[in-house]
Amino acid sequence: MADPFVYGLRGITGRLEDAERELLRGLFNDVVGMLEPEEGTHADPLEALVGLSPNASEPEDPALARLLPNAVKDDAEASLEFRRLTERSLRQGKAGALRAAALGLDSAHLVLDDAAAGHWSTALNDVRLVLAERLGIRSEDDAERIHAKTDWSEAEDVETYLALVYNFVTWLQTTLIEAMLDAHRVRSEGSGNE
Amino acid sequence: MSVATEPSQEVAGQTVPDPTAARQTPWNLIVWNDPVNLMSYVSYVFQTYFGFSEAKADALMMQVHTEGRSVVTQGSKESVEQHVVAMHTYGLWATIERSGEDG
């Protein structure tokens, strides 16, 4: 079992088992694969340069739609216009954080600076959003039902396995955010702002 | 960061705008509740991205959690659009709406 992320003299540190690193590497890469633009090599290089995606549309996959949500509620037209101006950079930002976090998995002992902690927190969060959509978590009750599954000896079907993975990633992110909040508090006190 | 430019009021033939509407219309950044994002994470984002105190960030986070949504900040259309993209980068579910609309 991994050690939780903690904030201390060396910054934010944590430790993962080999199997956990492989699991996370796979999850990070899966979400990167979802985020890579479908246009691929046919994209207009000028459009790519200025960050536009004029052919973007609302994702059909609900998990991808959760990662790239509409920006204007109940207004599909305005949301689509916004999406065409911003979605490319959003995809790139998310994929960049996931790739950076995956690279950090080369070592079992993790020491995260501010940038790495930021990449890890958004990467773990995006993995949780995708897993939650696959698990059908739509309400607090659903979340509690999934959260109650903690026994790996019961991981005999795909949904239970996914639930256990989701709970592991949630636990890891919970400890990371606590460590990041600790670091933020120390910094705020140090600068006399609080 | 640039400031949003409102449409010019000097277009020929345009009627004189209502004095109250002539002021720059503020836009709202709405953050919506979802059962996945951790409460601590939402508070962390509010503290570090917006620079809110822990108390203010926690209060806004609790409003999202209990009421389903919160107006986290207001501003010009362009600035609120930038906040929407930032929130989506963090994985929070955010939308932009004109101030005064009730969602």
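Keep in mind the model is a prediction, meaning the values are calculated, not measured. Heavy-atom basis, side chains included; hydrogens, waters and symmetry copies ignored. In the text below, chain A, chain B and the rest are named by the order of the sequence lines, each starting its count at 1.
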What part of [X] is in contact with chain B, defined as an atom under 4.5 angstrom from a non-hydrogen atom: side chain, backbone, both or neither?
X: A:A71; value: both
X: A:S79; value: neither
X: A:E178; value: side chain
X: A:I137; value: both

Do [X] and [Y] share a hydrophobic cluster, counting only Ile, Leu, Val, Met, Phe, Trp and Tyr and linking them when any side-chain heavy atoms are less than 4.5 Å apart?
X: A:Y161; Y: A:L131; result: yes
X: A:L67; Y: A:L80; result: no
X: A:V6; Y: A:I12; result: no
X: A:V111; Y: A:M180; result: no
X: A:L103; Y: A:W120; result: no

Atom group of B:V85 that falls short of 4.5 Å from chain A, counting heavy atoms: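 Both backbone and side chain of B:V85 come within 4.5 Å of chain A.
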
Atom group of B:L29 that falls short of 4.5 Å from chain A, counting heavy atoms: neither

Short side-chain to backbone donor-acceptor contact, A:R66 and B:G91, under 3.5 Å: yes

Top of A:A78, A:S139, A:A143 for chain B proximity - count of heavy-atom pairs under 4.5 angstrom: A:S139

Residue, of A:I146, A:N70, A:D126, that accumulates the most heavy atom pairs under 4.5 Å with chain B: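 Maximum pair count with chain B is reached by A:N70.
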
Trace of the side chain to side chain contact (heavy atoms under 4.5 Å, CB included) decision for A:F82 with B:V84: CA-CA 10 Å; A:F82 190 83; B:V84 167; 4.0 Å; yes

Top contributor to chain A contacts, counting heavy-atom pairs under 4.5 Å, from B:I30, B:V45, B:V36: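 Heavy-atom pair counts peak at B:V36.
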
Minimum-distance pair of heavy atoms, taken over all atoms of [X] and [Y]:
X: B:N37; Y: A:R128; result: CA-NH1, 4.3 Å
X: A:K94; Y: B:H88; result: NZ-O, 2.8 Å
X: B:D34; Y: A:E140; result: O-OE2, 4.4 Å

Stepwise side chain to side chain contact (heavy atoms under 4.5 Å, CB included) test for A:D74 and B:E97: CA-CA 10 Å; A:D74 303 327; B:E97 71 176 27; over 6 Å; no

Option passing side-chain contact (heavy atoms from CB on, under 4.5 Å) with B:L38 (candidates A:T170, A:N125, A:L176, A:L124): A:T170

Worked check of side chain to side chain contact (heavy atoms under 4.5 Å, CB included) between B:Q47 and A:L181: CA-CA 9 Å; B:Q47 288 179 51; A:L181 281 166; 3.6 Å; yes

Gap between atom CG of B:L92 and atom CG of A:L129 - 0.5 Å precision: 9.0 Å

Within 6.0 Å of CD in A:E81, more than 12 heavy atoms from elsewhere: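 At most 12 heavy atoms, drawn from other residues, nucleotides or ligands, come within 6.0 Å of this atom.
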
